[in-house]
Protein chains: 2
Amino acid sequence: MDYAGKIKNALDAGDVIIIGADCEVTYSGRAESFLPSGDRIVIIKSDKSLIVHQPKGTAPVNYMKQGTVHEISENGKNILLKARNSAMKEFMEIEFSKIHFVHCQKFEDDREIELQGTEKHMSDMIMKNPGLIGNDFRPLSREEHTKYGFIDVFGHDKDNNLVVVECKRFNGDLNAVTQLRRYVEKIKALKGIKNVRGILACPAISANALKMLEDWGFEYRKIEPPKHLERHKKNQKALDEF
Amino acid sequence: MDYAGKIKNALDAGDVIIIGADCEVTYSGRAESFLPSGDRIVIIKSDKSLIVHQPKGTAPVNYMKQGTVHEISENGKNILLKARNSAMKEFMEIEFSKIHFVHCQKFEDDREIELQGTEKHMSDMIMKNPGLIGNDFRPLSREEHTKYGFIDVFGHDKDNNLVVVECKRFNGDLNAVTQLRRYVEKIKALKGIKNVRGILACPAISANALKMLEDWGFEYRKIEPPKHLERHKKNQKALDEF
DNA sequence: GGGGAGAGATGCCGC
DNA sequence: GCGGCATTTCTCCCC
C-alpha cells in the first residue's frame with residue numbers, strides 16, 4: 001500500500017493522521033534526543049502538531065508543537081518524515097522501518113472541556129465567603145495580572161493590616177510559601193508599610209512548608225477547592241456510585 | 001462489528017487499543033470535568049493508562065494514569081467505558097455515540113529515549129570546567145539529594161566563601177531566584193555562617209529576575225547547556241542541514 | 001507513599 | 001514575541 005501518498009494527501013486535507021509503526025525518532029531544538037527503533041503511535045493533528053507515544057505512560061516521548069511543517073519522503077524502502085518548526089527552531093526526523101497501519105480522517109470537534117476545582121474557583125469561593133480566611137477579613141479585589149503582581153485574593157482585616165492570600169488547589173509546598181513571601185515583600189515595598197499579613201490557603205501542607213511559613217510569620221488556612229460541576233450532578237452521582 | 005467484544009479481548013491481552021470515535025467524557029478525581037460530544041482519539045496502553053485527544057494540541061484533554069481498571073458495557077446502542085483508578089481516587093466515564101474505528105495491537109518497544117542538554121548535563125559541565133563560574137571557583141561536590149539539600153553545584157572561592165550554584169537550562173525567572181535564595185539561606189543556617197555566595201547559571205534571565213537577584217546580592221552567569229548528542233553526530237548534521 | 005524538583009514541561013493570559 | 005504562573009501538570013529520585 002502507498003502509505004507515503006496517503007499521508008501526503010491527508011496532510012494537505014488537514015485530516016488527523018494516526019500511524020502505528022516501528023520507527024526511530026531524532027529531535028533537535030530546546031534539547032536533543034534520539035529514540036531507537038520500536039513500535040509507537042505517531043499522530044499528526046489538524047493543527048500540524050505531532051506526538052509520538054510509546055506503549056506505556058500518559059506523556060508523549062517526543063512531540064512537535066502546532067504549526068509544524070511536515071515533509072514526507074522515501075529513504076530506500078523506509079518512509080521518512082521530516083518535521084520543522086521555524087518559530088521554535090525545532091527539527092524532528094522519524095524513520096519508519098515498518099508501518100503497521102495508517103488511519104486518516106477528518107475530525108469534527110468544536111467543544112471545549114468544562115473544568116471545576118481549579119485555583120481560580122478557590123479564589124472565587126473565598127471572595128464570596130471571606131469568613132473562610134477570618135471573621136474580620138474584608139476582600140478588596142481579585143488582583144490578577146495587575147501592577148501589584150499576580151495575587152489571588154487581596155484584602156484587609158479589622159486592624160487595618162493588608163492581607164495577601166495565596167491559594168493552592170493541592171498540597172502547599174516550599175514553592176508556595178516562597179511565592180507568598182515574594183508577594184508580601186512586594187506589597188510592603190510598593191506601599192512602604194510593614195503590617196502585611198500573608199495567608200496560604202490549601203487543603204494540606206507539608207511539614208517543611210509549614211515550618212517555613214511559621215518562621216516567616218505567615219498563616220495557614222485549610223481550605224478545599226470547590227469541585228462540583230453543578231451542571232452535571234446526574235453524571236457525578238453515577239461516577240460516585242461506581 | 002462487535003467493537004465492545006474487540007476492546008474487551010484487547011484489554012485482557014494487554015494490547016494497545018486505539019479508538020477513533022464521537023464521544024463524551026466525564027471525569028472526577030483531583031478535579032472534575034465534562035467534555036461534550038465530539039470526535040476524539042482514545043488510546044488505552046498496555047500499562048492500562050488512557051489518554052483522550054482532541055484534533056488539536058499536544059496535550060491530552062483527559063487522561064487516566066497507569067494501573068487504571070477498565071470496564072466495557074453497553075448503554076442502549078452506545079458503548080460505555082468506565083475507568084477507575086483506586087490509588088488516585090479517580091474515575092472516568094466515556095460514552096461512545098459513534099465509533100469510527102478500533103485498532104488493537106501488541107506493541108514491541110523496550111527502548112528508552114536518549115536525551116542531551118538537561119540541567120544535569122549543565123552541572124556536569126560546570127564540575128569539569130569550574131572556570132565558567134569564576135577563575136577562583138573550586139567545586140567541592142555535586143550535592144544532590146543530601147543533607148545540604150538539592151543544590152546543583154557547591155564549592156568555594158579563594159576568599160573561602162562558600163558558593164552555591166543553581167543551574168537552569170532555559171531562561172532564569174523569579175522562581176529560579178527564590179529557589180537560589182532558599183538554598184543560600186539554608187546553608188547559612190546549617191553552617192551558622194554569613195559568607196555564602198549565590199550564583200544563578202542560565203543562558204538568559206528576565207529583567208525582573210535579574211533585579212531581584214542583584215537586590216539579594218547574588219550573581220548571574222550566562223551559561224548555555226551542552227546540547228550535542230555525540231553518539232549521533234551524523235543524524236544531527238542531517239537535521240541542521242534541513 | 002509523600003516530599004521536593006526538573007521538564008524539550010504545556011497551556012493560558014497579559015503586555 | 002516574552003513573562004509570569006497554574007496544571008487532573010508528569011516524571012524521577014530519595015527518604
Side-chain angles (χ1 to χ4, degrees), chain A residues 25 27-33 49 51-52 56-66 85 87-92 113 115-123 144-147 149-152 166-176 179 182-183 204-209 225 227, chain B residues 25 27-33 35 49 51-52 56-66 85 87-92 113 115-123 144-147 149-152 166-176 178-179 182-183 204-209 225 227:
Chain A
V25 185
Y27 161 80
S28 174
R30 279 174 290 181
E32 302 201 339
S33 73
S49 60
I51 51 180
V52 181
K56 291 183 183 180
T58 54
V61 64
N62 276 114
Y63 50 90
M64 295 287 279
K65 294 232 179 111
Q66 113 187 76
N85 190 311
M88 302 293 292
K89 291 177 185 167
E90 295 187 304
F91 307 91
M92 184 177 292
I113 192 167
L115 188 63
Q116 188 61 245
T118 66
E119 191 174 298
K120 189 166 183 309
H121 295 124
M122 258 182 101
S123 58
E144 293 199 81
H145 306 283
T146 73
K147 59 177 175 173
F150 310 85
I151 294 169
D152 290 329
E166 171 63 25
C167 302
K168 289 293 163 197
R169 64 178 303 285
F170 204 56
N171 286 28
D173 56 13
L174 294 175
N175 227 343
Q179 199 176 341
R182 224 164 57 209
Y183 296 156
I205 188 168
S206 74
N208 285 347
K227 280 204 298 196
Chain B
V25 185
Y27 162 80
S28 174
R30 280 172 291 182
E32 301 203 337
S33 74
L35 179 63
S49 60
I51 51 180
V52 181
K56 291 182 182 179
T58 54
V61 63
N62 278 115
Y63 51 88
M64 295 287 279
K65 292 230 179 113
Q66 123 188 67
N85 190 310
M88 302 291 295
K89 291 177 186 168
E90 295 185 305
F91 307 91
M92 185 177 291
I113 192 167
L115 188 62
Q116 188 60 248
T118 66
E119 195 175 296
K120 189 163 184 314
H121 296 123
M122 256 182 104
S123 59
E144 293 199 80
H145 307 280
T146 73
K147 59 176 177 171
F150 310 84
I151 293 168
D152 290 329
E166 171 62 26
C167 302
K168 288 294 162 194
R169 62 179 305 286
F170 206 56
N171 286 28
D173 57 12
L174 294 175
N175 227 339
T178 52
Q179 198 176 338
R182 225 164 55 209
Y183 296 156
I205 188 167
S206 75
N208 285 348
K227 278 203 300 194

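Numbers restart at 1 for each chain; the letters A, B, ... are given by sequence-line order, proteins then strands.
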Same-atom distance (P) from dT8(D) to dG4(D), integer angstrom: 23 Å
If you compare every side-chain N and O of Asn175(B) against the phosphate oxygens of dC5(D) (OP1, OP2), does one of them come in below 4.0 Å? no
Write down the distance between CZ (Phe150(B)) and P (dA5(C)), rounded to a whole number of angstrom. 5 Å
Please tell me which of Val61(A) and Ala59(B) maps to the more 5' nucleotide of DNA chain C, matching each residue to the nucleotide holding its nearest heavy atom. Val61(A)
According to a strict under-4.0 Å criterion, is Gln66(A) in side-chain N/O contact with OP1 or OP2 of dT10(C)? no
If you assign each of Gly57(B) and Glu119(B) to its closest nucleotide in DNA chain C, which residue comes earlier from the 5' end? Glu119(B)
Please check the phosphate of dA9(C) (OP1 and OP2 only) for any side-chain N or O of Tyr63(A) closer than 4.0 Å. no
How long is the line joining NZ of Lys56(B) and P of dT10(C), in whole Å? 19 Å
Which whole-number value in Å describes the distance from Ile113(A) CD1 to dC12(C) C1'? 15 Å
Distance, rounded to the nearest Å, where Asp152(A) contributes CG and dG4(D) contributes P: 17 Å
Can you measure Phe170(A) atom CZ to dG4(C) atom C1' for me and round it to whole angstrom units? 14 Å
Quick one: closest heavy-atom pair of Ile51(A) and Thr58(B), and the distance? CG2-O, 3.7 Å
N/O (side chain, Arg30(A)) to phosphate O (OP1/OP2, dT10(C)) under 4.0 Å: yes
For Ala31(A) and Tyr27(A), the nearest pair of non-hydrogen atoms, with its separation, is O-CE2, 3.1 Å
Considering heavy-atom distances to DNA chain D, does Ala209(B) or Met64(B) have its closest nucleotide positioned more toward the 5' end? Ala209(B)
Under 4.0 Å: is that the gap between some side-chain N or O of Gln179(B) and OP1 or OP2 of dG6(C)? yes
Just N and O in the side chain of Thr118(A): are any of them under 4.0 Å from OP1 or OP2 of dT8(D)? no
Heavy-atom closest pair, residues Ala209(B) and Gly172(B): CB-O, 4.0 Å
Minimum heavy-atom separation for Tyr183(A) and Phe150(A), please, with both atom names. OH-O, 3.5 Å
Between dT7(D) and dG6(C), how far apart are the C1' atoms? Round to whole Å, please. 15 Å
Nearest to the Arg169(B) side chain among dC10(D), dT7(D), dA9(C), which nucleotide is it? dA9(C)
Exam field: side chain Arg169(B) to backbone His121(B), donor-acceptor pair closer than 3.5 Å: no
Nearest-angstrom distance from the residue atom NZ of Lys168(A) to C1' of dG3(C): 16 Å
Between Asn62(B) and Ala87(A), just flag the one whose closest nucleotide in DNA chain D comes earlier from the 5' side. Ala87(A)
So which atom in Lys65(B) and which in Asn85(B) form the shortest heavy-atom distance, rounded to 0.1 Å? O-ND2, 3.6 Å
Polar side-chain contact Glu32(A)-dG8(C) base: donor and acceptor under 3.5 Å: no
dA5(C) OP1/OP2 closer than 4.0 Å to side-chain N/O of Arg182(B): yes
dG8(C) pairs with which nucleotide, Watson-Crick or G-U wobble, both distances below 3.5 Å? none
Send over the distance from Leu115(A) CG to dT7(D) P, rounded to a whole Å. 8 Å
Under-4.0 Å side-chain N/O to phosphate OP1/OP2 contact, Lys120(A) with dA6(D): no
Rounded C1' spacing from dA7(C) to dC5(D) in Å: 16 Å
Presence of Lys65(B) side-chain N/O under 4.0 Å of dT8(D) phosphate oxygens OP1/OP2: no
Is it the case that the side chain of Lys89(B) and the backbone of Ser28(B) share a donor-acceptor pair, with hydrogens and angles ignored and the cut-off at 3.5 Å? no
Euclidean distance, atom CG of residue Leu174(A) to atom C1' of dG3(C) [Å, nearest integer]: 8 Å
